[in-house]
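Heads up, the thing below is written out as structure tokens.
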Amino acid sequence: MREKGSIYEKCRRLWESRYPHVKRPDTYFREMFNEVFSPGAVVLDAGCGRESAVPVVEGAETRAGVDISRSFLESNKDVHFKIVADLEKLPFKDSVFDIVISQYVVEHLKDPEKVMVEFGRVTKDRSHILILTTNALNYIALAARLIPYPLQRFIKRRFLKIPDDEIYPVYYRCNTIFRLNRMMKRAGFSGGKAVFVGGPFYFSFSLLLFRAAMFFERITDGRLRFLKFYFVVRYNREKQ
């Protein structure tokens, strides 16, 4: 966990003074989950990592967690069943899950279309897919694609204090709302109800860079909201 020093606190106060009512992306994600969740729902946490996107409700549902890291799964206390697997080849029968949740995963997928088809295969009629990811149209993602991966690893370790085992390559092959909507439609889902959220805390190690990032936030508060760094989106599978 990154230590929140004085520069970070100044950045946080600056953000809250400008956006006192804007919530964190994961908060919007949990609210979206609560809108579709009902007791007894069978949930797949796709790429669950060490800590699930939505904490488990005690005894309320069955939850399977899939990740490529066995050590991450062993640390995760929010899933009932822990499965080491690739999202392109989910080890489940057809029509098992009511809800699939995925947080900060799809930006790392080499073949996201295969994964979305798998999501469609393992979900029931009237199921829901909830995705939280970074936006390929944002300037941070655009810059990341120009930076060699070894240098990205160094920046994330040195400045963002991200543990080495949590750093994966990013491909951004479905990371615009337009592209993701098309993929999900082909996989049998509709909707695409999205919330675009800013948050320039990648630059919270430098007050000067943070202020520059805040300027971008201001100019994308209206019609250019689709350029914000994060988006949360929900898709629905109608009765077939």
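The first residue in the sequence is number 1, and the count goes up from there.
Within a 6.0 Å radius of CD in E88, other residues, nucleotides and ligands contribute more than 12 heavy atoms.
A salt bridge links K193 with E35; the closest basic N to acidic carboxylate O contact falls under 4.0 Å. Salt bridge absent: D78 and R63 never bring a charged side-chain N and a carboxylate O closer than 4.0 Å. Taking a cutoff of 4.0 Å between a charged side-chain nitrogen and a carboxylate oxygen, R50 and E166 qualify as a salt bridge. Salt bridge absent: K89 and E118 never bring a charged side-chain N and a carboxylate O closer than 4.0 Å. Residues K228 and D221 are paired through a salt bridge, judged by an N-O separation under 4.0 Å between the basic side chain and the carboxylate. Residues E31 and K23 are paired through a salt bridge, judged by an N-O separation under 4.0 Å between the basic side chain and the carboxylate.
Here the two rings, on F92 and F97, have centers that are under 6.0 Å apart.
With R30 as the fixed residue, the side chain to side chain donor-acceptor pair (under 3.5 Å) test singles out one of D26, T27, N34: D26.
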Passes salt bridge (Lys or Arg N to Asp or Glu O under 4.0 Å), E16 versus R13? Steps please. CA-CA 5 Å; E16 291 179 353; R13 289 195 294 270; over 6 Å; no
Begin from the C-alpha positions of V66 and L87 and carry the test side-chain contact (heavy atoms from CB on, under 4.5 Å) through to its verdict. CA-CA 8 Å; V66 172; L87 296 182; 3.7 Å; yes
Run the side-chain contact (heavy atoms from CB on, under 4.5 Å) test on R18 and E217 for me, step by step, so that the C-alpha distance in whole Å, both residues' side-chain angles and the decisive distance to 0.1 Å come before the verdict. CA-CA 10 Å; R18 173 68 184 178; E217 293 300 327; over 6 Å; no
Go through H128 and V100 one step at a time and tell me if the side-chain contact (heavy atoms from CB on, under 4.5 Å) criterion holds. CA-CA 6 Å; H128 307 278; V100 175; over 6 Å; no
Where do F196 and Y230 land on the ring-ring contact (aromatic ring centres under 6.0 Å, His included) test, with the steps shown first? CA-CA 6 Å; F196 295 91; Y230 306 98; over 10 Å; no
Passes ring-ring contact (aromatic ring centres under 6.0 Å, His included), F210 versus F205? Steps please. CA-CA 8 Å; F210 192 86; F205 59 88; over 10 Å; no
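A heavy-atom distance below 4.5 Å is found between the side chains of L207 and C11. A 4.5 Å side-chain heavy-atom check between Y28 and V22 finds at least one atom pair inside the cut-off. Between D67 and V84, the closest side-chain pair of non-hydrogen atoms is not below 4.5 Å. Two residues are said to be in side-chain contact when any heavy atoms from C-beta on lie closer than 4.5 Å; Y171 and L109 fail this criterion. S69 is listed as a side-chain neighbour of Y168, based on a closest heavy-atom distance under 4.5 Å. Using a 4.5 Å heavy-atom threshold, the side chains of K185 and R182 count as separate. For the pair F81 and I83, the minimum side-chain heavy-atom distance is below 4.5 Å. Using a 4.5 Å heavy-atom threshold, the side chains of L227 and Y139 count as separate.
The hydrophobic cluster containing I99 also contains V195, counting ILVMFWY residues as joined when their side-chain heavy atoms lie under 4.5 angstrom apart, directly or transitively. Residue L137 is grouped with residue I177 when hydrophobic side chains (ILVMFWY) are merged at heavy-atom distances under 4.5 angstrom, including chains of intermediate members. One hydrophobic cluster, built from ILVMFWY side chains closer than 4.5 Å, holds both I167 and F154. Residues I162 and L151 share a single hydrophobic cluster, defined by chaining ILVMFWY side chains whose heavy atoms lie under 4.5 Å apart. Residues L209 and I155 fall within the same hydrophobic cluster, defined by Ile, Leu, Val, Met, Phe, Trp and Tyr side chains chained together at heavy-atom separations under 4.5 Å.
Checked by atom type, the side-chain pair Y235/N181 shows a donor-acceptor distance below 3.5 Å. S95 and K124 share no side-chain donor-acceptor pair at under 3.5 Å. Defined by atom type and a distance below 3.5 Å, a donor-acceptor pair is missing between the side-chain atoms of T123 and D98. Residues N236 and S190 have side chains that never bring a donor and an acceptor to within less than 3.5 angstrom of each other.
In this structure, CZ on R211 lies 9.0 Å from CG on L208, to the nearest 0.5 angstrom. Between atom SG of residue C174 and atom CG of residue L180 there is a gap of 5.0 Å, rounded to the nearest 0.5 Å. Distance check: D86 CG to D111 CG gives 10.0 Å after rounding to the nearest 0.5 Å. How far CG of L132 is from CZ of F33: 14.0 Å, rounded to the nearest 0.5 Å. In this structure, I131 CD1 and M32 CE are separated by 11.0 Å, a value rounded to the nearest 0.5 Å. Once rounded to the nearest 0.5 Å, the distance linking CG of N138 with OG1 of T176 reads 12.5 Å.
For the pair R237 and F189, the cation-pi test (distance below 6.0 Å, angle within 45°) is passed.
Contact detail for N175 and T134: the closest heavy-atom pair is ND2-O, 2.6 Å. Across all their heavy atoms, A85 and I68 have their closest contact at O-CG2, 3.6 Å.
The backbone N or O of L90 sits less than 3.5 Å from a side-chain atom of R121, completing a donor-acceptor pair. No donor-acceptor pair closer than 3.5 Å links the side chain of K82 to the backbone N or O of V79. The closest donor-acceptor contact from the side chain of Q152 to the backbone of A144 lies under 3.5 Å. Formation of a donor-acceptor pair under 3.5 Å by the R145 side chain with backbone atoms of A136 is found in this model. Formation of a donor-acceptor pair under 3.5 Å by the S204 side chain with backbone atoms of P200 is not found in this model. Distance alone, capped at 3.5 Å, is enough to place a donor-acceptor pair between the N135 side chain and the F226 backbone. A donor-acceptor pair is defined here as one N or O able to donate and one able to accept, closer than 3.5 Å; such a pair exists between the side chain of H108 and the backbone of P169.
Under the 30°/60° scheme for interplanar angles, the aromatic rings of Y8 and F201 are found to be tilted. Using bins of under 30°, 30° to 60° and over 60° for the plane-to-plane angle, the ring pair Y19/W15 lands in the tilted bin.
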